[in-house]
Amino acid sequence: MSFPWAQHYEPRHPFMQWMDEKLPLPRFVYNAVGAGYPVPRNLNYWWNFGVLAGFCLVIQIVTGVILAMHYAANAGVAFDSTEHIMRDVNWGWMMRYAHANGASAFFVVVYTHIFRGFLFGSYKAPREMIWLLGVVIFLLMMATAFMGYVLPWGQMSFWGAKVITGLFSAIPLIGTPLQQWLLGGFAPDNAALNRFFSLHFLLPFVIAAVVILHIWALHIPGSTNPTGVEVKTESDTVPFHPYYTAKDGFGLGVFLILYTAVVFFAPNALGHPDNYIPANPLSTPAHIVPEWYFWPFYAILRAFTWDFFFIPAKLMGVLAMFSAILVWFFLPWLDTSPVRSSRYRPLLRKFVWFGLLPDVIILGYCGGSPAAEPFVMISQIAAAYYFLHFLVILPIVSSIEKPEPLPFSITEDVLGKDDHAVLAPAQPAAA
Amino acid sequence: MVRLFGPLIGLFFAVALLWSFGNGAYVAITEPAAATAESVFHKHPKEVHFASDGVFGRFDKEQLQRGFAVYKEVCSTCHSLKQVSFRDLTAIGYSEAEVKAIAKQWGNKAQTFDPKTGDRADRENLASDHFPPVYYAGQGSPPDLSLMTKARHEGPAYVYSLLTGYEAQPAAMLKQFPDAKTPDGLHYNPYFANLNLAMPPPLTTDGQVTYSDGTKASVDQMAKDVSAFLVWTAEPKLDKRKQTGWPVVGFLIAATILAYLAKKNVWADQAH
């Protein structure tokens, strides 16, 4: 699962030799993220976000496990136990703010990571499986984040749970019984809170497992790179360690500065004030909005305001919201261009930067705004573009676009010439 | 298959969205949304500053004590403060003896229940008790104030604006919205979401609360002080949070500079 020129693990110390015979864990690490993993030499800072996402998962699990030691998943005391963490648990306020803002940081990082995929065609063959597993991770993250937001049992927790589980009631025939089964009642209450807590604790470990598959699948073809040209010879790569451990270390530092600045100086900036009001089933908030990272999808959900022939608007909204993510699963087959990187795809580049990116930001803005004009009408146009972008524009662009000339190799792109690659026959990656 | 059904599904959603858009646009043109009294007369909170604002802001303990006096003399008649313990008051500068005395003299008593006899009784509050519940028999339901400044947009400014924002209903408003007359028993306040509030103006006269530090207790001063106090009740660890934040961020900046230099050094021999 690496290139023929990859460095080999040779333990020198007798203990490491003994260890290598019994349990070759150091060898595994060496080959996965050490000097034994050759990586394209031209990765830019877009490639930092995979490591950062893994780091966010660790932050969330560590802070989350500590919070779970002090939190009580009972509708009668959940809100007060959260305040107990904020006031009476040593450093509890820091753990909770680190966890709540950690979720936001995780989504910032993962959205950037996904956008990197759109820009550089990371989803294209032979890396479809990495992409598919990534979308699975994203779906698991959304479920985990949603259930975590319910746990403090504030107003937005309660009404968010009501709205989101209410989506299932849009399914014909079985919808309402399904919603009640999911909630364990007619409305969110203790049964729902308990199962959400249980699942919120479980899912991060499922995510961790899929992350391992994601990285395993990555190590078969190896990382792609900004040119999108596959690795040809040794001069195209550098060992992961020390080159990318050093680069990721710097990226991690920048990330942590921004993250801790929010945790310590603006910990409530991204949250909704209503979640500091205890859940009250008799008082509906004026505007029910999810956390910011769900806003684009929430806007798509709410954009369907009229029944479409025999399909109720609510069902259309639910179908569209789920489709908005499911469409990513088909991306490797919707985009048929032989060129990976948008660096050499003038048309795709324009549609990603000036179409998709502003479109999702507009959707996000509308999703966080009250369900009133002009936001609804804007979100309808933006949601239509979203679907057209992936399902119509992308296939057409990849057919009609004339790609710009590609460099022969990564080495040529970096050094301007690649004598070695011209002289030596291309060496295929050994799986 | 994907290339056949993909575009069809995309067009299906796009057409359904344009259908919603068209219908919505038609309704918006034929029946434009009428302005409501709230949309025209609701005001955003006033501009007001507190010692705890900003990344360098710290609590002004004297102000917090004045604010606590306002809470004690005025607000606590109707509003509870159940997330806060008496012992927490040491953090705003009261000694342990003072806290014990405050707890002991607190008007509302702690409730006890004897499981053997089923008798309920009162006892004096201890420093370790949370502020006791408040039973309110009048109109409306006074909310707990512990988290109020975090539970509203621009919370501290909102509390201050609400306390100082009572006024007579504007004549222009009744002219434009004759149905929007404030009902009997409610009070007009443009900073409240639906403009009419059950709470009567709580701070009405200068000197309503006697400040022990000699500060002149104007209505504006009292409103500011109690808002500052409620910032503290909502976020008692604010000072510690910012104090911790600076070394953390400072360390990370230094470490990141080192990491950058290390990265530069490692990559020095490699074009990339």
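What you are looking at is a predicted structure, and each value in this text was computed from that prediction instead of being measured. All chains are named by letter (A, B, ...) in the order of the sequence lines, taking the proteins before the strands, and each is independently numbered beginning at 1. Values below: every heavy atom of this structure, side chains too, minus hydrogens, waters and symmetry copies.
Residue His272(A) touches chain B through its side chain alone, counting heavy-atom pairs closer than 4.5 Å. Residue Asp269(B) touches chain A through its side chain alone, counting heavy-atom pairs closer than 4.5 Å. Phe79(A) touches chain B through its side chain: at least one heavy atom from C-beta onward sits under 4.5 Å away, while N, CA, C and O do not. Residue Val266(B) touches chain A through both its backbone and its side chain, counting heavy-atom pairs closer than 4.5 Å. When heavy atoms are compared at a cutoff of 4.5 Å, Val254(A) approaches chain B by way of both its backbone and its side chain. In this structure, chain B has no heavy atom under 4.5 Å from any part of Leu252(A). Using a 4.5 Å cut-off between heavy atoms, Ala16(B) touches chain A through backbone and side chain atoms alike. For Val376(A), no part sits under 4.5 Å from any heavy atom of chain B, backbone or side chain. Only the side chain of Ser323(A) comes within contact range of chain B, with at least one heavy atom under 4.5 Å from a heavy atom of that chain. Ile257(A) touches chain B through backbone and side chain together, each having a heavy atom under 4.5 Å away.
The salt bridge (Lys or Arg N to Asp or Glu O under 4.0 Å) search around Asp88(A) returns Arg87(B), not counting sequence neighbours.
Between Val249(B) and Thr260(A), the shortest heavy-atom contact is CG2-OG1, 3.7 Å. Closest of all the heavy-atom pairs between Arg3(B) and Ser398(A) is NH1-OG, 3.9 Å. Contact between Ile277(A) and Ala151(B) at its shortest, heavy atoms only, is CG1-CB, 3.7 Å. Nearest heavy-atom pair, Tyr97(A) versus Glu235(B), reported as atom, atom and distance to 0.1 Å: OH-OE1, 2.7 Å.
Counting heavy-atom pairs closer than 4.5 Å to chain B, the top-ranked of the candidates Ser379(A), Pro267(A), Ala313(A) is Pro267(A). Annotation: maximal heavy-atom pairing with chain B below 4.5 Å, among Ala320(A), Gly253(A), Pro395(A), Pro273(A), occurs at Pro273(A). Per-residue counts of heavy-atom pairs under 4.5 Å with chain A were compared for Gln83(B), His272(B), Met148(B); the largest is that of Gln83(B). Your options are Lys82(B), Lys264(B), His153(B), Gln243(B), and the one with the most heavy-atom pairs under 4.5 Å with chain A is His153(B). Interface remark: of the candidates Leu256(A), Asn42(A), Asp80(A), Asp80(A) forms the most heavy-atom pairs closer than 4.5 Å to chain B. The greatest number of non-hydrogen atom pairs below 4.5 Å with chain B, out of Asp274(A), Thr336(A), Leu415(A), is found for Thr336(A). Of the listed residues (Val2(B), Asn23(B), Thr256(B), Leu147(B)), the greatest number of heavy-atom pairs within a distance under 4.5 Å of chain A belongs to Asn23(B).
The line from CH2 of Trp91(A) to NZ of Lys240(B) is 4.0 Å long, rounded to the nearest 0.5 Å. The CZ atom of Arg41(A) sits 4.5 Å away from the CD atom of Gln270(B) when rounded to the nearest 0.5 Å. Annotation: the span from Phe265(A) atom CZ to Trp246(B) atom CH2 amounts to 4.5 Å, rounded to 0.5 Å. Remark: Leu17(B) CG to Phe308(A) CZ distance equals 9.0 Å, nearest 0.5 Å. The NE2 atom of His130(B) lies 10.5 Å from the CD atom of Glu83(A); values are rounded to the nearest 0.5 Å. Rounding to the nearest 0.5 angstrom, the gap separating the CH2 atom in Trp19(B) from the CG atom in Asp307(A) is 10.0 Å.
Taking 4.5 Å as the limit, every side-chain heavy atom of Gln380(A) sits out of range of all side-chain heavy atoms of Leu18(B). By the 4.5 Å heavy-atom criterion applied to side chains, Phe12(B) and Leu319(A) are not counted as neighbours. Under the 4.5 Å side-chain criterion, counting only non-hydrogen atoms from C-beta, Val327(A) is not in contact with Phe13(B). Side-chain contact check for Thr244(B) versus Trp93(A): some heavy-atom pair is nearer than 4.5 Å.
In Glu96(B), the CD atom is not crowded: 12 or fewer heavy atoms of neighbouring residues, nucleotides or ligands sit closer than 6.0 Å. No more than 12 heavy atoms of other residues, nucleotides or ligands shown are found within 6.0 angstrom of CG on Asn90(A).
Remark: side-chain polar atoms of Ser20(B) are paired, donor with acceptor, to backbone N or O of Thr305(A) under 3.5 angstrom. Judged by distance alone, the side chain of Trp267(B) and the main-chain N or O of Tyr244(A) form no donor-acceptor pair under 3.5 Å.
Side-chain contact check for Arg87(A) and Ser146(B): no donor-acceptor pair (N or O, by modelled atom type) lies under 3.5 Å.
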